[in-house]
Amino acid sequence: MNFPYMEQETLNLLNRLKIDIASVRQKVERLSGGQRQAVAIARATAFDANVIIMDEPTAALSVAAIDKVIELIRELKSQGASIIIISHRLEDIYRVSDR
């Protein structure tokens, strides 16, 4: 495995999506809830997905973490991704939805 290449590609992806994580070598279990959600979303986009389905992406997150996930969703939209959100939090859906 080419670990330096994988690390650089991960850094590029996190930077492109404006995800702030101290180190790509940090274990996910040590990340905050919002950071874990951001990593999960980044993984979905790592394979150049055109459509991303999110099931309750803001459930069980703090208000600050919710805002970061909403910003990440907006960033993905600006990069051309189509996103389907399933959520009981209608206010989050209204913040990012086109229709």
Side-chain angles (χ1 to χ4, degrees):
M1 295 186 143
N2 187 344
F3 288 107
Y5 172 78
M6 292 177 2
E7 188 171 320
Q8 186 58 50
E9 286 298 306
T10 303
L11 282 170
N12 292 342
L13 177 63
L14 294 176
N15 289 335
R16 180 174 63 90
L17 296 176
K18 300 175 184 168
I19 297 172
D20 184 33
I21 294 178
S23 170
V24 296
R25 293 183 174 266
Q26 189 174 3
K27 292 185 177 188
V28 173
E29 66 191 24
R30 294 180 182 231
L31 299 175
S32 70
Q35 289 174 317
R36 288 179 187 195
Q37 189 66 279
V39 168
I41 294 168
R43 285 182 60 206
T45 64
F47 303 102
D48 295 323
N50 292 325
V51 177
I52 301 167
I53 301 172
M54 298 183 183
D55 185 9
E56 298 286 350
T58 58
L61 295 180
S62 68
V63 173
I66 289 171
D67 289 340
K68 289 185 182 200
V69 170
I70 295 296
E71 286 305 313
L72 178 55
I73 291 169
R74 288 183 178 145
E75 182 64 29
L76 289 170
K77 283 175 47 180
S78 74
Q79 295 179 16
S82 296
I83 302 168
I84 299 169
I85 300 175
I86 302 163
S87 179
H88 69 281
R89 295 179 46 91
L90 293 178
E91 62 273 13
D92 294 343
I93 292 173
Y94 289 136
R95 288 174 65 188
V96 295
S97 65
D98 296 325
R99 57 180 172 216

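Small disclaimer: the values here were computed from a predicted structure and weren't measured.
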Salt bridge (Lys or Arg N to Asp or Glu O under 4.0 Å) contacts in which one or both residues fall within residues 81-97, not counting sequence neighbours: D67-R95, R89-E91, R89-D92
Spacing of L76 atom CG and I41 atom CD1 [to the nearest 0.5 Å]: 6.5 Å
Residues at least two apart in sequence or cross-chain that pass side chain to side chain contact (heavy atoms under 4.5 Å, CB included) with Q79, listed by chain then number, are R16, L17, E75
Please check if atom CG in N15 has more than 12 non-hydrogen atoms from other residues, nucleotides or ligands closer than 6.0 Å. yes
Residues in side chain to side chain donor-acceptor pair (under 3.5 Å) with R43, at least two apart? none
Going by side chain to side chain contact (heavy atoms under 4.5 Å, CB included), name the residues that satisfy it together with D48, two or more places apart in sequence or in a different chain. none
Heavy-atom neighbours of I53 CD1 exceed 12 at 6.0 Å: no
Taken to the nearest 0.5 Å, the spacing of I83 CD1 from D98 CG works out to 9.0 Å
What pairs with E29 under side chain to side chain donor-acceptor pair (under 3.5 Å), at least two apart in sequence or on another chain? none
Examine distances only and state if a side-chain atom of K68 and a backbone atom of G34 form a donor-acceptor pair shorter than 3.5 Å. no
Partners of D55 by salt bridge (charged side-chain N to carboxylate O under 4.0 Å, His left out), sequence neighbours excluded? none
Salt bridge check: are R74 and E71 linked by an N-O gap of less than 4.0 Å? yes
